[in-house]
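Just so it is clear, the model here is predicted, and its values are computed rather than measured.
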Amino acid sequence: MAGDDGGYGMSRRSPRPPGARLRLDLGNGIAIGPGKADILEGIRETGSIAASGRRLRMSYKRAWSLVEAMNAAFREPLVETRRGGSAQGGAALTPMGDRVLDTFRRMETRTEAAIADDMAALRACLPDITPGA
């Protein structure tokens, strides 16, 4: 669980605008960042680990391994699954999963707000790039 898969970052929210990419090291090799948050968000929106993985252009195996790692790392599972195929099966966030995802997203928003002025100052140091030039 030490690595977060933030590099996938290809959810419906993509392409991401320039800015900070929050990755939290919670200790004991537990981390959460954009990739894991995107998996949780996809499960919340689609009710499926497979569909969430597809949205991120991630294999089902990789998406499932991230879910298993998160479920094992937190005090309570973040995702619950139901067997039974497309008609009966699926996945959903548990109340703890909702809490973790909502907290992480709130932290992302606060981080962006906290660095907005400094980010603008750094971007002002970049050369002007005109499309098609």
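For Glu112, the side-chain hydrogen bond (donor to acceptor under 3.5 Å, both in side chains) criterion is met by no residue, not counting sequence neighbours. Scanning for side chain to side chain contact (heavy atoms under 4.5 Å, CB included) contacts around Ala50 gives Ser48, Arg54, Tyr60, with sequence neighbours left out. Partners of Ile115 under the side chain to side chain contact (heavy atoms under 4.5 Å, CB included) rule, at least two apart in sequence or in another chain, are Ala20. Taking Thr94 as the reference, Glu80, Met96 meet the side chain to side chain contact (heavy atoms under 4.5 Å, CB included) condition, with sequence neighbours excluded. Remark: Thr103 engages Arg99, Arg106, Met107 in a side chain to side chain contact (heavy atoms under 4.5 Å, CB included) (not counting sequence neighbours). Checked against salt bridge (Lys or Arg N to Asp or Glu O under 4.0 Å), Asp98 has the following partners two or more places apart in sequence or in another chain: Arg44.
Contact detail for Ile32 and Ala37: the closest heavy-atom pair is CG1-N, 4.5 Å. What you find for Ala63 and Gly53 is that their closest heavy atoms are CB-CA, 4.1 Å.
Looking at heavy atoms from C-beta onward, Arg55 lies in side-chain contact with Thr46 at the 4.5 angstrom threshold. In this structure the side chain of Met70 never reaches within 4.5 angstrom of the side chain of Ile30, judged on heavy atoms. Looking at heavy atoms from C-beta onward, Leu56 lies out of side-chain contact with Arg62 at the 4.5 angstrom threshold. Looking at Leu22 and Leu24, their side chains come closer than 4.5 Å, going by heavy atoms from C-beta outward. In this structure, Val67 and Lys36 have side chains that are not in contact, with every pair of non-hydrogen atoms separated by 4.5 Å or more.
In this structure a side-chain-to-backbone donor-acceptor pair under 3.5 Å is present from Arg21 to Gly19.
Residue Asp38 holds its CG atom at 9.5 Å from CD of Glu45, rounded to the nearest 0.5 Å. Here Ile49 contributes atom CD1 and Trp64 contributes atom CH2; the two are 4.5 Å apart, rounded to the nearest 0.5 Å. Between the CG atom of Leu101 and the CD1 atom of Ile39 there is a distance of 11.5 Å, given to the nearest 0.5 Å. The distance from atom NZ of Lys61 to atom CG of Leu66, rounded to the nearest 0.5 Å, is 12.5 Å.
Cluster membership for Leu78 and Leu26, using ILVMFWY side-chain heavy atoms within less than 4.5 angstrom, is shared.
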